[in-house]
There are 2 protein chains.
Amino acid sequence: MNVSVRPSTTRVSGALKDIWRSDPFLIRARQLVDLTLPDLQSLRAVIEAEATVKRRRDLVLEGYECSKLYFIKEGFAARYKLLRNGKRQIVNFVLPGDIVGMPGSFLDRAANSVIAVSDMTLQICALEAFVGLCCRQPKFGLVLSWLAAQEAAHYAEHIIDVGRRTPVERLAHLLLEIHSRLALVGLADEFAFNLPFTQEMMSDALGLSVPHLNRTLAHLRAEGLIAINGRRVEILDRKALELLAHFQPIQSGRIPLSEALAVN
Amino acid sequence: MNVSVRPSTTRVSGALKDIWRSDPFLIRARQLVDLTLPDLQSLRAVIEAEATVKRRRDLVLEGYECSKLYFIKEGFAARYKLLRNGKRQIVNFVLPGDIVGMPGSFLDRAANSVIAVSDMTLQICALEAFVGLCCRQPKFGLVLSWLAAQEAAHYAEHIIDVGRRTPVERLAHLLLEIHSRLALVGLADEFAFNLPFTQEMMSDALGLSVPHLNRTLAHLRAEGLIAINGRRVEILDRKALELLAHFQPIQSGRIPLSEALAVN
DNA sequence: CATCCTTATTGATCCAGATTATAAAAATGA
DNA sequence: TCATTTTTATAATCTGGATCAATAAGGATG
């Protein structure tokens, strides 16, 4: 893999509060279960290194075996597949707080490649180490399941996008999805965000040609639903946009751990 | 929900061997981890009832909260979403051995509906009970993650189908996927299987119109790749079909439990 | 500051696949 | 058993979005 690895420096500097808030994976995990300080420590113990990956480098290559999990701290990536005829389909966009290697590492061989869309920093964890953690702290296995389910739910919406939504609807849906996922880890304002993807990437995600995606984007602007300056996207009429896109946010409830223990 | 429930009769009749082989969920779980007799028993303890659902009944309704897991023993279903304009997108087909409620129950409210495509029998398990089981036996939490990852991998292929594959390629891919998933739980011959879905369902899965799906099917037959009599599909030229579809089987490796314990 | 490369924008043509319509065959159920 | 509904099959028309092409506008790089 094209990464520069450096040993995991578990800096204990910085107030502890910051750690809970600044690590996007912790933010997402804590939406699902309560995490204690010991939990945090055993999670850290399992991280073997922190790495940086440069823009345009592949994080994962299709067809290769890979038994690592990458927790994305910063930066963006795209999971994609190249077809024989040269076409590319982007399966999903990877944002901070996501885990790369989730479907991939669980299979014999990765089913898709993942390319860094910006410079990234991520934490590496061996699959066996994480499985070990799950055995000691079943909580983490459940978090993994829940995150996988969230991801599946996003994939499902993507299938609907590409299968039955019109181009405008698809694009509106993509923008809303990205916005809500960024917001989940504190990377978006209420009505605006920085879109880290080019029109080409979005067209490859939505199964459209670049010119048509461009036209569709222009259409959304003309209708006054969004505004764009540079990378900044502003949502001008969220209600209309959501209606157009058939958008409903994907939010998972908490893992019913205490209830389970009560039953137990 | 439109099901007729009867209390779970844990019949201990029949040789034990049969149970391992006849329950499709056990078959799939055992592809991932070793299961002991006590494991089997604690799994059973968590099943609260067995139910039958009639053809065309909805198992899950979009937008409703639902905190049950359904382990499919027999029969087929389709996970779908209806759009405002009346179009339907089928997100995936549910086969014996699958768990329904996986993304659904983990979210606040189900994101799609699931309709029974044939009469079905399934086992019901409360989400909290299963979470409890995972706490006592972390193994099951991992199985859940792995199954979710497999499902996500299938969804990813489906996105590629609908986004960038041509109609023939899509259809070829769908047929191969169904065949391999059926084979996984012992419901298909090496080169033939019973297709439980109508052309309308397949067109709704692949984002095509019914007439065009029909033509495409005719095309595959004309090319001598498959043969169809009634519901029976025969794969005449598997190599060519796989090439056409860019098909690569999704098979997950085993969960590295022993390795994890060694590290531990 | 000049050049190169990536990204965005716009226009013209054309075809794959949707849509609509109709009929035959098969499954369902009363 | 026959009537009704589903499911398959096929043909004719029409259109949305791909494709091809060309340009403009940024951004990076030396």
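We name chains A, B, ... by the order of the sequence lines, and we start the count at 1 in each one.
- Looking at His212(A), its side chain never comes within 3.5 Å of a backbone N or O of Ser203(A) through a donor-acceptor pair.
- In this structure, Leu208(A) places its CG atom 10 Å from C1' of dA18(D), rounding to the nearest Å.
- Between the C1' atom of dA18(C) and the CZ atom of Arg170(B) lies a distance of 12 Å, rounded to the nearest Å.
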So His173(A) and Glu157(A), side-chain hydrogen bond (donor to acceptor under 3.5 Å, both in side chains) or not? Walk me through it. CA-CA 9 Å; His173(A) 194 272; Glu157(A) 281 300 315; 3.1 Å; yes
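- Rounded to a whole Å, the CE atom of Met202(B) is 11 Å from the C1' atom of dT7(D).
- Using the six-membered ring where Trp is involved, Phe76(A) and Phe197(A) have ring planes that are perpendicular, over 60° apart on the 30 and 60° scheme.
- If you take CZ of Arg164(A) and P of dG16(D), they are 17 Å apart, rounded to a whole angstrom.
- For the pair Arg165(A) CZ and dA18(C) C1', the interatomic distance rounds to 20 Å; values are reported in whole Å.
- Between Asn85(A) atom CG and dT19(D) atom P there is a gap of 9 Å when expressed in whole angstrom units.
- Although no hydrogens or angles enter the test, the distance criterion places no donor-acceptor pair under 3.5 Å between the side chain of Glu151(B) and the main chain of Ala152(A).
- For the atom pair Arg165(B) CZ and Gln89(A) CD, the distance stands at 9.5 Å (nearest 0.5 Å).
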Can you give one letter per nucleotide of nucleotides 7-14 of chain C, 5' to 3': B if a protein heavy atom sits under 4.0 Å from the base, S if only from the sugar-phosphate, - if neither? SSBBBB--
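- Within the structure, every side-chain polar atom (N or O) of Lys54(B) is placed at least 4.0 Å from both OP1 and OP2 of dG29(C).
- Residue-level contact check: Gly230(A) touches neither bases nor backbone, having no heavy atom under 4.0 Å from any strand.
- Counting only N and O atoms by type, the side chains of Arg28(B) and Gln150(B) include a donor and acceptor under 3.5 Å apart.
- Protein atom CG of Leu213(A) is 16 Å distant from nucleotide atom C1' of dT19(D), rounded to whole Å.
- Across the protein-nucleic acid pair, Ile228(B) atom CD1 and dT7(D) atom C1' stand 13 Å apart, rounded to whole Å.
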